[in-house]
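Here the structure comes first, spelled out in structure tokens, and everything after it is commentary.
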Amino acid sequence: VAAGDTDASFSATAQGDDVFEGRESVTATITDAITNGIDLAITDGLSDIASADIVDDGSKLDPNDPDSPNADDDRPEVFIRTIKGNAVEGTPNNNQLIFEIDQTNPSTVDNEVLVTLDLGSVEIADIESIVYDDGAGNTTTKTGTDLTSFLNDLSTGLSLSLLASTSTVVPPKFTFNVKDDTIQEDTEALSLKVELAAGAQASLGTDEAFGDIRDQGRDKDDDELGDLPTISITPTVATAIEASDDNPTSVAATSAEFTVALSNLSDFTTNFTVALESGDPNAAELGNTGDVEAFQYLSGVDAESGEEIWSDVPTDGSLSIDPGVQELKLRVTPSSDTVYEDLENFKVVITEAAIGTDDLTITDGGSSEALAQIADNAAAAAGDNLGDLPTVSINASPAAVSEGDEGNGGVITYTVNLSNTSEYDTKVYIDLGGTATADDYSTAGLSSETIEDSTRYFVTVAAGDTDASFSATAQGD
């Protein structure tokens with residue numbers, strides 16, 4: 001302080017930087033004061049210390065003056081960043097989602113944030129592991145039950161710190177490694193959201209980041225058809241048996257059963273078309289009056305009784321497998337008739353199948369058709385298929401004829417009858433006897449065959465017929 005003056009001054013100029021430091025004080029303390037070699041005392045009521053603040057928190061320079069200008073604001077902006085937002089199953093180096101929690105500039109105080117995961121359409125089973133770097137040099141890999149627990153914590157909100165630093169901030173990082181499964185899925189999306197904890201010395205910028213998981217490609221990287229299933233049909237019960245003709249209500253028909261199966265699950269509806277076709281050899285007769293009573297699919301289960309509900313396959317054969325279901329059951333129930341038949345062959349054929357606009361191919365080693373057969377009902381034992389085997393009888397008409405003159409006698413017609421039709425010709429052997437001798441009549445309509453020097457006579461009932469006849473004409477004498 002110059003002689004004759006009462007004051008002197010010096011200054012301190014704040015140096016701007018991008019580090020948030022909050023309100024910092026600069027103090028000047030009088031350590032000694034000497035005039036003319038004599039120490040001076042501090043003025044009563046005043047201080048030997050003067051203090052002022054350097055402020056970078058955007059607040060009023062004078063909190064008591066509403067018109068005071070605002071200070072520079074170096075408080076960082078906290079945000080979440082997507083490092084990699086698309087993950088593709090089954091593609092090494094491309095099967096990760098990566099997110100970071102960061103701030104725009106360093107801060108000399110820790111900032112607490114809350115990170116919350118919204119799994120969206122993603123399931124825990126879609127994630128193989130999570131690598132978590134907390135920004136403080138600690139990196140952990142979460143798998144198995146630890147993964148499940150960590151995902152649950154993230155879903156309810158995980159607290160973490162952006163650590164104080166005067167240089168580069170190391171941001172906490174989440175790396176989601178997605179699992180390669182065999183389920184055909186639509187693109188699945190998740191998100192991470194960040195919010196500031198109470199008292200955080202920061203503002204909030206981008207608060208949500210998104211990522212999606214896609215199926216791997218099949219024909220090209222981005223067609224997402226790597227898990228597109230194949231389809232096939234197999235018979236699970238290959239023989240259908242007709243109901244008993246004598247008592248169809250007590251001995252019901254048994255159905256041939258089939259399973260249409262996808263090679264793996266799909267999150268989409270699978271549409272396909274089936275057709276009932278005759279097999280070879282000895283083809284079953286199809287259609288309204290044929291060998292099939294019903295062609296059905298398992299449409300559900302009664303909630304109260306637990307009984308299966310079977311519905312008729314539409315006339316155009318169009319069926320579907322619901323999302324998340326891998327198979328559909330079909331059955332063919334035979335008609336009950338009285339025709340004695342051999343095993344009759346038929347097949348159920350998948351004529352086309354698609355998920356959306358993507359056609360399905362037949363499973364490698366599988367088949368687009370399933371073969372089955374219809375058997376006659378049993379007679380004496382299960383599996384003998386003789387329930388429709390006909391019985392045979394014979395009658396004569398009229399019961400008597402006049403012998404007449406030579407060459408002009410009466411004609412007796414003998415009719416052989418089957419109780420029901422057979423799909424085979426039936427040979428009925430006839431032994432002519434009685435008191436009349438061979439000279440008393442002549443026959444017509446009988447066939448003969450010689451076996452081991454023995455001649456046998458027979459009449460044939462043609463397949464599909466129930467009778468055949470021959471005649472004996474009286475020879476007058």
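Residue numbers run from 1 in the order of the sequence given.
Taking the six-membered ring where the residue is Trp, Y132 and F174 present parallel rings, their angle staying beneath 30° rather than reaching 60°.
A donor atom on one side chain and an acceptor atom on the other are not found under 3.5 Å apart for Q96 and T175. Between S336 and E242, the side chains place no donor N or O within less than 3.5 Å of an acceptor N or O (distance only, hydrogens not considered). Using modelled atom types, one finds no donor on one side chain facing an acceptor on the other under 3.5 Å when comparing R75 with Q201. For S255 and T333, the side-chain atoms include at least one donor-acceptor pair closer than 3.5 Å. Side-chain atoms of S442 and Q475 form a donor-acceptor pair, as typed in the model, at a separation below 3.5 Å. D316 and S318 share a side-chain donor-acceptor pair at under 3.5 Å.
Within the 3.5 Å criterion, the main-chain N or O of R331 finds no donor-acceptor partner in the side chain of E257.
Counting only heavy atoms from C-beta outward, the side chains of L446 and Y414 never approach each other to under 4.5 Å. Annotation: side chain of D291 is in contact with side chain of E341 (closest heavy-atom distance under 4.5 Å). The side-chain heavy atoms of N111 and L196, taken from C-beta on, include no pair separated by under 4.5 Å. Q184 has its side chain within reach of D215: a pair of non-hydrogen atoms, C-beta onward, lies under 4.5 Å apart.
In this structure, N264 and D227 approach most closely via the heavy-atom pair ND2-O, 2.9 Å.
The line from CG of L117 to NZ of K193 is 13.0 Å long, rounded to the nearest 0.5 Å.
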